[in-house]
Amino acid sequence: MVGMVRTMDMSAGTYPQDLIDRFVSIVGTANALTAEADVSPYLTEGRGLYHGATPLVVKPGSTAEVSALLKLASETGTSVVPASGRTGLVGGHVPRDGGRDIVLSLERMNRVREVDPVANVMVVDGGCVLADVHKAADAVERMFPLSLGSEGSCRIGGNLATNAGGTAVLAYGNMRQLCLGLEVVLPTGEVWDGLRRLKKDNSGYDLRDLFIGSEGTLGVITGAVLKLFPRPLGHQVAFAGLKSTEDALALFDKASTLCGTALTGFELMPRIGIEFTTRHMPGVRDPLDTVHPWYALIDISTSDSAETAETMVAALLEQGFEAGLIENAVIASSVAQQKAIWHMRESMSDAQKPEGGSIKHDVSVPVSRVPAFMHEADAAVMAAVPGARICAFGHLGDGNIHYNISQPVGADKAAFIARWREVNAIVHAIVKAHGGSISAEHGVGQLKRDELIATRPAIETELMNRIKQAFDPAGILNPGKVIG
Ligand SMILES: Cc1cc2nc3c(=O)[nH]c(=O)nc-3n(C[C@H](O)[C@H](O)[C@H](O)COP(=O)(O)OP(=O)(O)OC[C@H]3O[C@@H](n4cnc5c(N)ncnc54)[C@H](O)[C@@H]3O)c2cc1C
């Protein structure tokens, strides 16, 4: 991205070789990477916005090794970037340029430590892959509800550090609501064993909640107690064609009232998103044979019986048609069809890539303000970038919209992308006017750090700086991310 890409600088040698050797000796040479080809996958991120450099990647195999690494880092002023699945979208796991940071990868700490289906908890290492957590829960007829397009690669430490959201936040909450306890290694090397399994614990400041969402700036999460849930007995997915975002909101209101906590997802998609996915994503088909300006994906899961979900989805669509909110709709008739509809929604971001440059926003506004936000943002963006193709989709039920803008057809990609900051400022001003957030679920990292520092109330930045200073007095953990 013009004006934002960090130039690659492989200059190792920032730290003396004997110091590098001391880090290597903690994990063993088999678990330390220094060759350019070996470290290069740790220097980038999926969108190609950032490209850093590092003299060393260490892969500890235990909490004790993480502790020894961070103790040495604090004593020697060596900055460390924690990395888990490296699927983050804001450059948080990418080391800075100049070879100033070593990368601490949790990938070897990938065990499920314990599963207790009676207590509905699971204890895992920080490097456990999210999909493996799903499998371990499934094996005891339970469910861990966090679900992301990146779940085959992202890891629990990263999910916690970013307070990941995903597709089931409406019913189950984000990572903050799905975690009971943490084990964290502090930048000093001290270990906080907070692996509690308590639903009720009012014993002072909530340290767990400080680490969740801290994007690797306060401590390295090495273990976690996760909440499990009974597997739903009924599951239905419907796909509805709609006239407007106002109708989508009214339908969401009906769905919430009718389904209560059984409403697991309510996703909004624009026509252009359906066109992009059917054009570019193999196997994706439009589930409807009619064309509509907007679409809703409605996901309902019920814990008592399959029939309840069937009755609910049928009643909701009936109400939606009667109220004139739905123009056409289909209910997935098999698990394969349910997955196909979800796949279409989840590939909407990737489907923009072949259309050229895309300027992205991950924003949230109070749910009832989504239509107003969209109208105002659309008008402002079209005035600034005539011909822009707005592909705004996302978790309507959470008020979280991925407000993505594809370049005008035939426009120069670099020139369009060079306007990233300018377009962000236009959209973010409208988000703020509606009392929203410019970082709804992907976090701050490097991407939004400066804008947040410049725009959030000074007292918030000051409090965050004081917290950072208390946890990381040497300033060695993930510098340059989130706040400083
Ligand atoms: C296809 C796709 C779909 C996605 N969908 C969603 C979505 O729906 N919702 C959503 O919220 N996100 C989504 N994301 C973003 C990303 O997957 C999440 O942010 C995820 O939680 C990151 O986990 P990770 O293991 O990859 O972390 P990483 O990318 O490795 O790290 C992310 C941040 O956490 C820090 N960190 C990593 N591990 C630790 C640790 N053990 N202790 C302390 N700090 C640590 C890093 O320093 C970095 O700042 C998506 C990404 C992709 C590529």
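We're numbering straight along the sequence, starting at 1. Predicted, not measured: the structure shown is a model, and the values here were computed from it.
- In this view, Glu441 satisfies the salt bridge (charged side-chain N to carboxylate O under 4.0 Å, His left out) rule with no residue, not counting sequence neighbours.
- Here the closest non-hydrogen pair linking Leu146 and Ala164 is CD1-O, 3.8 Å.
- Within a 6.0 Å radius of NZ in Lys432, more than 12 heavy atoms belonging to other residues, nucleotides or ligands are found.
- Between the side chain of Glu346 and the backbone N or O of His343 there is no donor-acceptor pair closer than 3.5 Å.
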Would you check, one step at a time, whether the test side chain to side chain contact (heavy atoms under 4.5 Å, CB included) holds for Tyr205 with Leu210? CA-CA 9 Å; Tyr205 302 142; Leu210 265 183; over 6 Å; no
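- A 6.0 Å sphere centred on CD of Glu141 holds no more than 12 heavy atoms belonging to other residues, nucleotides or ligands.
- Checked by atom type and distance alone, the side chain of Ser67 never pairs as donor or acceptor with a backbone atom of Thr63 at under 3.5 Å.
- Residues Gly445 and Glu215 share a closest heavy-atom pair of N-OE1, 2.7 Å.
- Donor-acceptor pairing under 3.5 Å is recorded for the side chains of Glu151 and Ser147.
- Under the rule for a salt bridge (charged side-chain N to carboxylate O under 4.0 Å, His left out), the partners of Glu75 that lie at least two apart in sequence or sit in another chain are Lys71.
- Here the straight-line distance linking atom CG of Asp299 with atom CG of Leu263 works out to 8.0 Å at 0.5 Å rounding.
- Tyr295 has its ring centre no less than 6.0 Å from the ring centre of Phe393.
- With hydrogens and angles disregarded, a donor-acceptor distance shorter than 3.5 Å links the side chain of Gln338 to the backbone of His235.
- No side-chain heavy atom of Leu19 sits under 4.5 Å from any side-chain heavy atom of Asp21.
- Taking the six-membered ring for Trp and the full ring otherwise, Phe23 and Tyr15 have centroids separated by 6.0 Å or more.
- Checked by atom type and distance alone, the side chain of Thr302 never pairs as donor or acceptor with a backbone atom of Asp304 at under 3.5 Å.
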Under the side chain to side chain contact (heavy atoms under 4.5 Å, CB included) criterion, do Tyr172 and Thr264 qualify, and how do the steps go? CA-CA 8 Å; Tyr172 297 99; Thr264 318; 4.0 Å; yes
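- Atoms NZ and SG, from Lys254 and Cys259 in turn, are 12.0 Å apart once rounded to the nearest 0.5 Å.
- A salt bridge is defined here as a Lys NZ or Arg NE, NH1 or NH2 lying under 4.0 Å from an Asp or Glu carboxylate O, and Asp132 with Arg155 fails to meet this definition.
- Side-chain contact check for Tyr403 versus Ile430: every heavy-atom pair is 4.5 Å or farther apart.
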Test Ser437 against Ser439 for side chain to side chain donor-acceptor pair (under 3.5 Å), laying out the working first. CA-CA 5 Å; Ser437 167; Ser439 177; 5.4 Å; no
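- Side-chain contact of His361 with Asn404: a donor-acceptor pair under 3.5 Å is absent, judged by distance alone.
- Atoms CG and CG, from Asp201 and Asp206 in turn, are 7.5 Å apart once rounded to the nearest 0.5 Å.
- Defined by atom type and a distance below 3.5 Å, a donor-acceptor pair is missing between the side-chain atoms of Gln469 and Asn465.
- Salt bridge status for Arg113 with Glu183: present, with a side-chain N to carboxylate O gap under 4.0 Å.
- Residues Ile438 and Leu452 are in side-chain contact: their nearest non-hydrogen atoms beyond the backbone lie under 4.5 Å apart.
- Within 6.0 Å of atom CZ in Arg108, more than 12 heavy atoms from other residues, nucleotides or ligands are found, so the atom counts as buried in its surroundings.
- Using a cutoff of 4.0 Å between basic side-chain nitrogens and carboxylate oxygens, Arg197 and Glu114 are scored as salt-bridged.
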Tell me, with the steps shown, if Leu251 and Phe266 meet side chain to side chain contact (heavy atoms under 4.5 Å, CB included). CA-CA 10 Å; Leu251 186 63; Phe266 196 104; 4.1 Å; yes
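- Nearest heavy-atom pair, Asp101 versus Pro479, reported as atom, atom and distance to 0.1 Å: OD1-CG, 4.2 Å.
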Side chain to side chain contact (heavy atoms under 4.5 Å, CB included), that's the test. Do Thr54 and Val81 meet it? Break it down for me. CA-CA 10 Å; Thr54 186; Val81 178; over 6 Å; no
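- Counting heavy atoms from C-beta on, the side chains of Val57 and Thr34 never come closer than 4.5 Å.
- Phe373 has its side chain within reach of Val363: a pair of non-hydrogen atoms, C-beta onward, lies under 4.5 Å apart.
- Considering all non-hydrogen atoms of both residues, Leu89 and Arg47 come closest at O-NH1, 3.5 Å.
- Checked against a 6.0 Å centroid threshold, the rings of His442 and His402 count as neighbours.
- For the pair Asp116 (side chain) and Asn120 (backbone), a donor-acceptor distance under 3.5 Å is absent.
- Considering only heavy atoms from C-beta on, Trp342 comes within 4.5 Å of Glu267 through its side chain.
- A donor-acceptor contact shorter than 3.5 Å links the side chain of Thr162 to the backbone of Gly158.
- Side-chain atoms of Arg208 come within 3.5 Å of backbone atoms of Cys179 as a donor-acceptor pair (strictly under, hydrogens ignored).
- Contact record, Ala137 with Leu228: CB-CD2, 4.0 Å, taken as the closest heavy-atom pair.
- At distances below 3.5 Å, at least one donor-acceptor pair connects side-chain atoms of Ser74 with backbone N or O atoms of Pro187.
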Take Thr217 and Ser214, measure what side chain to side chain donor-acceptor pair (under 3.5 Å) needs, and give me the verdict at the end. CA-CA 6 Å; Thr217 60; Ser214 65; 4.5 Å; no
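- Note that CG of Leu226 and CG of Leu160 are 6.5 Å apart. Values are rounded to the nearest 0.5 Å.
- Side-chain atoms of Glu190 and Thr188 include a donor-acceptor pair closer than 3.5 Å.
- Checking side-chain atoms of Thr245 against main-chain N and O of Ala248 turns up no donor-acceptor pair under 3.5 Å.
- Side-chain atoms of Val103 and Leu33, non-hydrogen and from C-beta on, never get closer than 4.5 Å to each other.
- Of the N and O atoms on the side chains of Arg456 and Thr461, at least one donor lies less than 3.5 Å from an acceptor on the other residue.
- Contact of the Thr222 side chain with the Met109 side chain is registered, since non-hydrogen atoms from C-beta on lie closer than 4.5 Å.
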Determine whether Asn478 and Lys481 satisfy the following criterion, side chain to side chain donor-acceptor pair (under 3.5 Å), listing intermediate values before the conclusion. CA-CA 6 Å; Asn478 222 0; Lys481 318 290 171 60; 2.7 Å; yes
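- Here the side chain of Arg142 pairs a donor or acceptor atom with the backbone of Pro117 at under 3.5 angstrom.
- Going from atom CG of Leu69 over to atom NZ of Lys59 covers 13.5 Å, rounded to the nearest 0.5 Å.
- Taken from CG in Leu297 to CG in Leu268, the straight-line distance is 10.5 Å, to the nearest 0.5 Å.
- Between the side chains of His93 and Glu45, not a single donor N or O lies within less than 3.5 Å of an accepting N or O.
- Nearest heavy atom pair, residue Ser79 against residue Arg96, reads OG-NH2, 3.3 Å.
- Under a cutoff of 6.0 Å and an axis angle of 45°, Arg86 and Tyr42 form a cation-pi pair.
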